[in-house]
Every structure is written in C-alpha cells, then in structure tokens.
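All remarks here apply to the structure that follows.
Letters A, B, ... mirror the listed sequences (proteins, then strands); counts begin at 1. Everything numeric in this text was worked out from a predicted model, so none of it was measured.
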2 protein chains.
Amino acid sequence: MAVSKAHEFEKDEIKLAELAKALSHPARIAILKKLAKDNVCICGDLVSDLPLAQSTVSQHLKELKRVGLIHGEIEGPKSSYCINPETISQLSGLIDKLFKVFDSCCPPTKPITIKKGK
Amino acid sequence: MAVSKAHEFEKDEIKLAELAKALSHPARIAILKKLAKDNVCICGDLVSDLPLAQSTVSQHLKELKRVGLIHGEIEGPKSSYCINPETISQLSGLIDKLFKVFDSCCPPTKPITIKKGK
DNA sequence: TTATATTATCGTATATTTACGATAAACGAT
DNA sequence: ATCGTTTATCGTAAATATACGATAATATAA
C-alpha cells in the first residue's frame, strides 16, 4: 500500500473499507456463508470445503477474526468458528448508509416505488 | 496474490468479492459518495476533495471504472465521471443475498422480532 | 507418557496495491 | 501554431495479500 492515508478519511469510510476488504476474497465470503449455514463449524470442515491449503484457510480465518466478523474458540485440537452478529450488523448499517447516498443520486433500483420529484 | 484460485469459487462469490474489493479503500468510497451527491463530477473536483495526488485519484477512478461501478467520459481536457446504477444495483442484490444467509444463522439484527427458539 | 489429529504460525515466493512525481496526451483559448 | 489546463499513463518504490510447505503447538486418545 505504501504510506496509507486512511487517517485522512471519515471514520465510517475507513471502517466500511476495512470490512469490505474482508469480503474482497471469494474464500472469505465462502467461509462466512458456511459459518452462517452451520452456525458453528470447525476449521477442518472449511479446509475440506475450499480449494485451498489448510494454512491458507487458517490465514483467511485469522483475517476475518481480526476485523471482528467471526470469532473462534480453540477447543482442544480443534477450533470452532462462528459468525459475530454484532459486526455483521455494523456492516449492514454502514452499507445501508452508503446505499442511501446512492439513492439520492441514481434512480432507486430495488422496490420500485413511484417517486414524485424532478 | 500469487496463484489466484478465484476460479474455484462460485460465480456470485467471485463477483461480490470483486465489487467488495472496489469498496475496500476509503478513497474509493469517498469518490462514490461524491459522485452520488453531485450526480456528475469532474476529476479535478475529486482531486481537491481527497488527500491524494492527482495520479493516485486517477488510479482509483480507473479501478472503479474497471469493475463497472462508475463510468467516465472524457470531454475535452476534463473528464466527468458518474455512478453506474446498474452495477450498484447488482452489488445491492449480491449483498442482500449474502445477508439473507446471515439471517438464517444468527438472530436477525435489525427489526427485532421475537422468535421462538429451537 | 507417547502417539494422533488438528490447527496456528513461520518462512518464503510472487503478485497486487497504493502512492508519488514526471511525462505524455488532448482539448480550449490565445 | 503555441500555451495553458486537465487528465491519463509510465516508472518506480514500498507495503500487503495470497498461497504453499514445513514446523510448532495443543489437546485428546491410547
């Protein structure tokens, strides 16, 4: 990155960027989906699901944990991970806020309700 | 990245990851917000808004353009950019889909409705 | 205590990202 | 045609990210 200037931006922008970065790899999205479906899941299951080496999966888990999207507990030789609903909720809020800005710009895209206005 | 294995994942995961990566820098979020507010905006305005060199801003714009989140037209010596609602809408859809998966896992976070437990 | 299984970490190689200054390109104005 | 303004691209440097194999760590099972 070289000389990150992240501190020059708004707090929300920085946080959203950080969370978006966590979602910026298909493996991490797949991990989150798997964790969501299974509610709790041990690392080994993820490794056999993904086309990646065990150490790589572990790295992705670490990153997801770092930003708070999941937490993991080491129980014995196995580690079980699960979604952290709080951060998911935070992400949801930040995304909603961003998309509200988009609505102000472009015609609203989703539930098409007729809007008066120029 | 080294030996990207993106092709081993689902199409939606890859696309969402790509769009999330575009959002993974505060400058690009700031650019999108500015474009949304101003509807259309020339590069120079963005440069003076952001704590980054002109060439760096241009790079970020290029990346946003590459993934289709904005389009830009070169009119004369100035370039004007604007949001591409189609890709915004696509992103919105992919995010909604992902968050639906989360709802299935964790207690729903937003409109708190009492649910009978398992 | 000694295996066995599972996961984290280390070391390493390579690709990508981010940033800047310098330069090129493109158009409008003179 | 030349100048000035604006933007894109090039070259480059440094930080991150991604991936793997090898190894260390840890708890369970024997």
Side-chain angles (χ1 to χ4, degrees), chain A residues 1-9 13-14 17-31 34-35 40-67 69-82, chain B residues 1-9 13-14 17-31 34-35 40-67 69-82:
Chain A
M1 190 197 293
V3 189
S4 173
K5 296 204 164 175
H7 52 287
E8 311 263 12
F9 295 94
E13 290 168 355
I14 295 169
E18 186 184 47
L19 293 174
K21 185 154 67 175
L23 297 181
S24 75
H25 194 290
R28 290 193 291 267
I29 293 177
I31 288 172
K34 173 89 171 165
L35 290 186
V40 153
C41 147
I42 62 171
C43 176
D45 296 339
L46 294 166
V47 173
S48 40
D49 258 37
L50 300 173
L52 295 170
Q54 177 267 323
S55 55
T56 305
V57 173
S58 199
Q59 238 179 115
H60 285 304
L61 286 167
K62 191 179 180 184
E63 177 61 15
L64 287 172
K65 205 171 164 186
R66 191 187 66 79
V67 301
L69 281 169
I70 66 176
H71 23 62
E73 291 166 31
I74 304 177
E75 23 179 88
K78 313 193 178 184
S79 297
S80 66
Y81 287 94
C82 62
Chain B
M1 190 196 293
V3 190
S4 174
K5 296 206 166 175
H7 53 288
E8 312 264 13
F9 296 94
E13 289 168 356
I14 294 169
E18 185 184 47
L19 292 174
K21 184 153 68 174
L23 297 181
S24 76
H25 194 291
R28 289 192 291 266
I29 293 177
I31 288 172
K34 173 90 171 164
L35 290 185
V40 151
C41 146
I42 62 172
C43 176
D45 296 341
L46 294 165
V47 172
S48 41
D49 258 38
L50 300 173
L52 295 170
Q54 177 266 323
S55 56
T56 305
V57 173
S58 198
Q59 238 178 114
H60 284 305
L61 286 167
K62 191 179 179 183
E63 177 61 16
L64 287 171
K65 205 171 163 184
R66 191 186 66 79
V67 301
L69 282 169
I70 66 177
H71 24 64
E73 292 167 30
I74 304 177
E75 24 178 88
K78 311 191 176 181
S79 297
S80 66
Y81 287 94
C82 61

Any base atoms under 4.0 Å from A:S79, or only sugar-phosphate, or nothing? Heavy atoms, all strands.
sugar-phosphate
Are OP1 or OP2 of C:dA22 and a side-chain N or O of B:S55 less than 4.0 angstrom apart?
no
Taking CG from B:L61 and P from C:dT18, how many angstroms apart are they, rounded to a whole number?
13 Å
Does the distance from a Lys or Arg side-chain N to an Asp or Glu carboxylate O, for B:D45 and B:K34, drop under 4.0 Å?
no
Write down the distance between CG (B:D45) and P (D:dT7), rounded to a whole number of angstrom.
8 Å
What are the two closest non-hydrogen atoms of B:G72 and B:Y81, and how far apart are they?
CA-CD2, 3.4 Å
Against the side chain of A:L52, the closest entry in C:dT18, C:dT7, D:dC20 is D:dC20
Separation of D:dT16 P from A:H25 NE2 (nearest whole Å):
18 Å
Value for CG (A:L23) from CG (B:L19), rounded to nearest 0.5 Å, stands at 11.5 Å
With a cut-off of less than 4.0 Å, is there a side-chain N or O of A:K21 near OP1 or OP2 of D:dA17?
yes
Sidechain N-carboxylate O distance under 4.0 Å for A:E18, A:K21:
no
For the pair made of CD1 in B:I70 and P in D:dT7, what is the distance, rounded to whole Å?
13 Å
Give the nucleotide from the list D:dC20, D:dT9, C:dG21 with an atom nearest to the side chain of B:A53.
C:dG21
Would you please confirm or rule out a distance under 4.0 Å between OP1 or OP2 of D:dC20 and any side-chain N or O of A:T56?
yes
Whole-Å distance, B:L64 CG to C:dT18 P, equals 10 Å
Phosphate oxygens OP1/OP2 of C:dT6: is one of them under 4.0 Å from a side-chain N or O of A:Y81?
no
Result for 5'-nearest mapping on DNA chain C, choosing between B:Q54 and B:R66, is B:R66
Do any side-chain nitrogens or oxygens of A:H60 fall under 4.0 Å of OP1 or OP2 in D:dA19?
yes
Determine whether any donor atom in the side chain of A:Q59 lies under 3.5 Å from an acceptor atom in the base of C:dA8, or the reverse, and answer yes or no.
no
Rounded distance in Å - CG (A:L23) to C1' (D:dA17):
16 Å
How many Å lie between CD1 on B:I14 and P on D:dT18, as a whole number?
14 Å
Please walk me through it: do A:H60 and A:L52 pass side chain to side chain contact (heavy atoms under 4.5 Å, CB included)?
CA-CA 10 Å; A:H60 285 304; A:L52 295 170; 3.9 Å; yes
Round to the nearest Å and state the distance from B:E18 atom CD to C:dT16 atom C1'.
14 Å
